[in-house]
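Below is one structure; the comments refer to it alone.
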Amino acid sequence: MSLAGDVVAFLADGANWSLDDPYDVPNRLVEHLQYTGIALGLGALVAVPLGLWIGHTGRFAFLAINAGNAGRSLPTLGLLTLVVTLVGLGLTPVVVALVVLAVPPLLTGTYAGVRAVDRAAVDAARGQGMTERQVLLGVEVPMALPLIMGGLRAATLQVVSTATVAAYVALGGFGRFLVDGLAVQDYPQMVAGAVLVAALAILLDLLLAGVQRAVVSPGVSGRAAAARPRPRKATA
C-alpha cells in the first residue's frame with residue numbers, strides 16, 4: 001500500500017479513535033488544545049492590554065513594531081530547550097515557549113488596530129467629553145477589532161502548529177504521533193499526525209473567522225456598505 005493509503009488507513013482505523021485509550025487521537029486532541037488554550041490565554045493577558053496602551057498613548061511604539069520580527073525569528077525549539085534546562089521537564093517550559101510565540105502577533109495586531117483608528121473619530125469622542133478610558137473602550141477597541149482578531153488568528157495558527165514541540169519534553173498532543181512515529185520509523189503515523197495538526201489549525205481558523213464576523217460591527221468590517229443597494233444610473 002502507498003504512503004497515502006497507509007495514512008488514510010491510520011486515520012480511518014476506529015482503534016485509533018478510542019476515548020478510553022490516552023494514546024489515541026481524541027485524548028491527544030484534548031492535550032493539544034490544552035497547550036494551545038493556555039498559551040493563547042496567557043499571551044492575550046500580556047499582549048492585549050499592552051498593545052491597547054501602546055496604541056492609545058503612542059508610547060514605546062518601537063516595542064510593538066519590532067515584536068513581529070522578533071516573533072518570526074525566534075527559534076521555538078531552542079527556547080524550549082533553554083527553558084527545560086532552567087526549570088526542568090513538565091508543562092511549564094512548553095507553556096513559556098508557546099506564550100513567547102503568541103505574544104508578538106497579538107501585540108502587533110492590537111497596537112496596529114488601535115493606531116489605525118480614524119483620528120477624527122477619536123478627537124470627536126474627546127470633544128464630546130469622553131474620558132480616555134471611554135475613548136479607548138468605546139471607540140478605539142470596537143474599530144480596532146478586525147486587526148485585533150487578525151492578530152489572534154495569526155497567533156492561534158502559530159501556536160497550534162508549534163504545540164507539537166510538547167512531545168519533545170515527554171508531554172502529549174499531536175506531536176506524539178510525530179515523535180513516536182519517527183522513533184519506530186512509522187511514517188504513516190508521522191504523516192497522519194501532521195495531517196491532524198493541519199486540520200486542527202484550519203478548523204480553529206474557521207472558528208475564529210466566524211467569531212470575528214459575529215463580534216465586528218458590519219459598519220466597521222465593511223459588510224454594511226457592501227450590502228447597501230447601489231444607486232441606479234439616471235436614464236435620459
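Bear in mind that the values here come from a model prediction, so they are computed numbers and not experimental data. All values below come from the heavy atoms of this structure, side chains included, with hydrogens, waters and symmetry mates left out.
The line from CG of Leu33 to CG of Leu204 is 6.5 Å long, rounded to the nearest 0.5 Å. The CG atom of Leu207 lies 10.0 Å from the CZ atom of Arg153; values are rounded to the nearest 0.5 Å. With rounding to the nearest 0.5 angstrom, the OG1 atom of Thr164 is 11.5 Å from the CZ atom of Arg176. In this structure, the separation between CG on Leu203 and CG on Leu208 is 11.0 Å, given to the nearest 0.5 Å. In this structure, the separation between OG1 on Thr108 and CD1 on Ile148 is 12.5 Å, given to the nearest 0.5 Å.
Put simply, Leu11 and Leu29 are part of the same group of oily side chains (I, L, V, M, F, W, Y) that touch within less than 4.5 Å, one to the next. Following chains of ILVMFWY side-chain contacts shorter than 4.5 Å, one can reach Val141 starting from Val114, so the two form part of one hydrophobic cluster. By the criterion of side-chain heavy atoms lying less than 4.5 angstrom apart, applied directly or through intervening Ile, Leu, Val, Met, Phe, Trp or Tyr residues, Val159 is grouped together with Val99 in one hydrophobic cluster. Leu52 and Met130 sit in two unconnected hydrophobic clusters of ILVMFWY residues. Membership requires side-chain heavy atoms under 4.5 Å apart, directly or through other members. In the hydrophobic cluster analysis, where Ile, Leu, Val, Met, Phe, Trp and Tyr join through side-chain heavy atoms closer than 4.5 angstrom, Leu40 is grouped together with Leu42.
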(request) Before giving the answer on side-chain contact (heavy atoms from CB on, under 4.5 Å), spell out for Leu171 and Val94 the whole-Å C-alpha distance, their side-chain angles and the decisive distance to 0.1 Å. (result) CA-CA 9 Å; Leu171 292 181; Val94 174; 3.7 Å; yes
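Between Met149 and Leu152 there is a side-chain heavy-atom pair separated by less than 4.5 Å. Phe10 places a side-chain heavy atom less than 4.5 Å from the side chain of Asn16. Taking the side chain as every heavy atom from C-beta outward, Gln134 and Thr131 approach each other to under 4.5 Å. Under the 4.5 Å side-chain criterion, counting only non-hydrogen atoms from C-beta, Ile54 is not in contact with Thr110. Residues Tyr35 and Val160 fail the side-chain proximity criterion, which asks for heavy atoms closer than 4.5 Å. Using a 4.5 Å heavy-atom cutoff, the side chains of Trp53 and Arg59 are in contact.
Side chain of Asp13 to backbone of Ala15: a donor-acceptor contact under 3.5 angstrom is found. At distances below 3.5 Å, at least one donor-acceptor pair connects side-chain atoms of Ser161 with backbone N or O atoms of Gln158.
Listed here is the closest heavy atom pair of Ala121 and Met143: CB-SD, 4.3 Å. In terms of heavy-atom proximity, Arg28 sits nearest to Gly172 at NH1-CA, 3.5 Å. Contact record, Ala39 with Ala102: O-CB, 4.2 Å, taken as the closest heavy-atom pair. When all heavy atoms of Pro49 and Ala44 are compared, the closest pair comes out as CD-O, 3.3 Å. Here the closest heavy-atom approach between residue Val216 and residue Pro146 is recorded as CG1-CG, 3.8 Å. The minimum heavy-atom distance between Arg115 and His56, with the atom names listed, is NH1-O, 4.2 Å.
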Per-pair distances, 0.1 Å, donor-acceptor, side chain in residues 183-200, under 3.5 Å, sequence neighbours excluded:
| residue | atom | partner | partner atom | Å |
| --- | --- | --- | --- | --- |
| Asp186 | OD1 | Gln189 | N | 3.3 |
| Asp186 | OD2 | Gln189 | NE2 | 3.1 |

